[in-house]
Amino acid sequence: QVQLVESGGGLVQAGGSLRLSCAASGRTFGSGTMGWFRQAPGKEREFVAAINWSSGNTYYADSAKGRFTISRDNAKNTVYLQMNSLKPDDTAVYYCAARRAPSLTTATRSYNYWGQGTQVTVPS
């Protein structure tokens, strides 16, 4: 089993920044993939960004490109999501997810492990 714990959410004004963290523990893996997803009220969970643990290759949703950066610290088993230029549309619960396969994927069903989520609120 893999346990994922997110932190770093909060309320930030439009144009501001936040950095989310996701700490992984348990049977962690060196070649898998970590992803960030988000879910706004009344909407489906959507992909934000993903990173491969070993290669560091990344992939972003169009909504995240140029504003968000995903990174990892292998020594700490932690993945980060740096979010800049935040907009009200970024308001959502942000989830960290993990899968053992190395390929970057945007599909929620492809991820085996999920954190509990952290709320990000950007008032309009």
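Among all heavy-atom pairs drawn from P123 and P88, the shortest one is O-CG, 3.9 Å. For the residue pair T33 and S103, the shortest heavy atom distance occurs at OG1-O, 3.3 Å. The nearest pair of heavy atoms linking Q82 to S17 is NE2-CB, 3.9 Å. In terms of heavy-atom proximity, R38 sits nearest to E46 at NE-OE2, 2.6 Å. Among all heavy-atom pairs drawn from G117 and V93, the shortest one is CA-CG1, 3.8 Å. Across V5 and Q116, no two heavy atoms sit closer than the pair CA-OE1, 3.8 Å.
Evaluated for a side chain to side chain contact (heavy atoms under 4.5 Å, CB included) with F68, the options L86, L18, N84 yield exactly one hit, L86. Residue V48 forms a side chain to side chain contact (heavy atoms under 4.5 Å, CB included) with just one option from L81, T106, I70, L20, and that option is L81.
Rounded to the nearest 0.5 angstrom, F47 CZ and W36 CH2 are separated by 12.5 Å. Here Q1 contributes atom CD and S25 contributes atom OG; the two are 10.5 Å apart, rounded to the nearest 0.5 Å. Atom OG1 in T121 sits 10.5 Å away from atom CD in Q13 (nearest 0.5 Å). Interatomic distance, CG of L11 versus CD of Q119, reported as 9.0 Å (0.5 Å rounding). For the atom pair CG of N77 and CD of Q3, the computed distance is 11.5 Å after rounding to the nearest 0.5 Å. The structure places CZ of R19 at 11.5 Å from CE of M83, a figure rounded to the nearest 0.5 Å.
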Task: Stepwise side chain to side chain donor-acceptor pair (under 3.5 Å) check, R99 with Y111 - done: CA-CA 5 Å; R99 64 193 298 261; Y111 289 81; 5.4 Å; no
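Residues passing the salt bridge (Lys or Arg N to Asp or Glu O under 4.0 Å) test with R67, sequence neighbours excluded: D90. Residues passing the salt bridge (Lys or Arg N to Asp or Glu O under 4.0 Å) test with K65, sequence neighbours excluded: D62.
Side-chain contact check for R100 versus Y113: some heavy-atom pair is nearer than 4.5 Å. No side-chain heavy atom of C96 sits less than 4.5 Å from a side-chain heavy atom of W114. Between W53 and V79 the shortest side-chain heavy-atom distance falls below 4.5 Å. You'll find the side chain of Y95 stays beyond 4.5 Å of the side chain of L4, heavy atoms only.
Linking ILVMFWY residues whenever their side-chain heavy atoms come closer than 4.5 Å, directly or via other members, places M34 and V120 in the same cluster.
Side-chain N/O atoms of N52 and S54 include a donor and acceptor closer than 3.5 Å.
In this structure a side-chain-to-backbone donor-acceptor pair under 3.5 Å is missing from S21 to Y80. Proximity of a side-chain donor or acceptor of T118 to a complementary backbone N or O of Y94 within less than 3.5 Å is not detected.
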